Amino acid sequence: MILLFPEPFEICVLVLAVLILVALYRLVAGPTSPDRVVALDAINTLVVGIMFALGVIFRENIFVDVAILYAVLSFIGTIYYAWYIGGRYT
Amino acid sequence: MIIEPLIAICIIIGLVFSALGIFGLIRFPDVYTRLHAETKATTFGSIFIGLAVILYALFRWDDAGEGISLAAHVLIGIIILMVTNATGSHAIARAAYKSGQKPDPSVTDALADVEP
């Protein structure tokens, strides 16, 4: 590999994975259900960032395509959780 | 070259803001402050990691055409991330208010006057 690349992206993936493990605490121990949805939203955003970096590490475009689809599907999941918690209509 | 420090700076900014967002998610007292800390900071961090990937794909990829394709896909992903995270966090805040949870340490509730 050319000097110190792409090792920064591997460090990036490692740190983001540790952050996901920390956010799992709020997902498990959050006192109310909106707290758990907030933690799930944070984990989804971090997973999209991890997939961006994995696309560079493994030299594959397919990781970024999967990241786009994952972002859209996690948004749909968040909207359905919001409907479940707060009611669909005003 | 100038590109490697730029990529490193983008990655460091992304990691620091993601860590701040998760720190706020763990430490803040109620759901609205947790949402406020987490959504903006984590989205900003993921956007900067995507910017680092775009810089690497444009300037340091082996095959130039494949690098431009990867950069375009990451750009589309960043735009989708910006739109969906803002809308989703708004929906979560509204659902939390509708479910009867009040902002805990605050003293006023201005939305209760407008919306019963």
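As a basis for the values below, the full set of heavy atoms in this structure was taken, side chains included, without hydrogen atoms, waters or symmetry mates. Here the structure is a predicted model, which is why all the values come from computation and not from measurement.
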- Query: Given that the side chain runs from C-beta out, which part of B:Ala91 has a heavy atom under 4.5 Å from chain A: side chain, backbone, both or neither?
  - Reply: both

- Taking every heavy-atom pair that is under 4.5 Å apart, which of B:Ala52, B:Ser89, B:Gly21 has the most such pairs with chain A? B:Ala52

- Task: Looking only at non-hydrogen atoms, find the nearest pair between A:Val48 and A:Ala67 and report the distance.
- Result: CG2-O, 4.1 Å

- Let me know if A:Ala42 has heavy atoms under 4.5 Å from chain B in its side chain, its backbone, both or neither. both

- Message: Under 4.5 Å from any heavy atom of chain A, what part of B:Ile22 do you find: side chain, backbone, both or neither?
- Response: side chain

- Item | Largest heavy-atom contact set with chain B, pairs under 4.5 Å, which of A:Leu69, A:Val18, A:Thr32 | A:Thr32

- Identify which part of B:Ile78 has an atom lying under 4.5 Å from any heavy atom of chain A, answering side chain, backbone, both or neither. both

- Message: Between B:Phe17 and B:Phe48, is the ring centroid distance below 6.0 Å?
- Response: no

- Query: Between A:Trp83 and A:Tyr80, how do the two ring planes meet: parallel, tilted or perpendicular, split at 30° and 60°?
  - Reply: perpendicular

- Item | Passing option when B:Leu15 is tested against A:Leu16, A:Leu14, A:Leu19 for side chain to side chain contact (heavy atoms under 4.5 Å, CB included) | A:Leu16

- Message: Shorter than 4.5 Å, heavy atoms on both sides: which option in A:Leu46, A:Val37, A:Asn44 has the most such pairs with chain B?
- Response: A:Leu46

- Query: Should the ring pair B:Tyr56 and B:Trp61 be called parallel, tilted or perpendicular, given that the plane angle runs from 0 to 90° and is split at 30 and 60?
  - Reply: perpendicular

- Query: So do B:Arg34 and A:Asp35 actually touch side chain to side chain, heavy atoms under 4.5 Å?
  - Reply: yes

- Best-contacting candidate, B:Gly45, B:Ser99, B:Gly14, B:Ala41, against chain A by heavy atom pairs under 4.5 angstrom: B:Ser99

- Query: Taking C-beta and beyond as the side chain, do B:Leu55 and B:Cys10 meet within less than 4.5 Å on heavy atoms?
  - Reply: yes

- Message: Please classify the contact between B:Leu70 and chain A as side chain, backbone, both or neither, with a heavy-atom cut-off of under 4.5 Å.
- Response: both

- Note on the structure: Between A:Arg59 and B:Asp62 the two heavy atoms that sit nearest each other are NH1-OD2, 3.4 Å

- Given A:Thr78, A:Ile50, A:Val72, A:Thr45, the one with more heavy-atom pairs under 4.5 angstrom with chain B than any other is A:Thr45

- Task: Under 4.5 Å, counting heavy-atom pairs only, tell me which of B:Ala95, B:Ser18, B:Ala93, B:Gly100 racks up the most with chain A.
- Result: B:Ala95

- By a 4.5 Å heavy-atom criterion (distance strictly below it), what part of B:Glu66 contacts chain A: side chain, backbone, both, or neither? both

- Task: Go through the atoms of A:Val64 and report whether side chain, backbone, both or neither lie under 4.5 Å from a heavy atom of chain B.
- Result: side chain

- Item | B:Glu4/B:Arg60 ion pair, N-O < 4.0 Å | yes

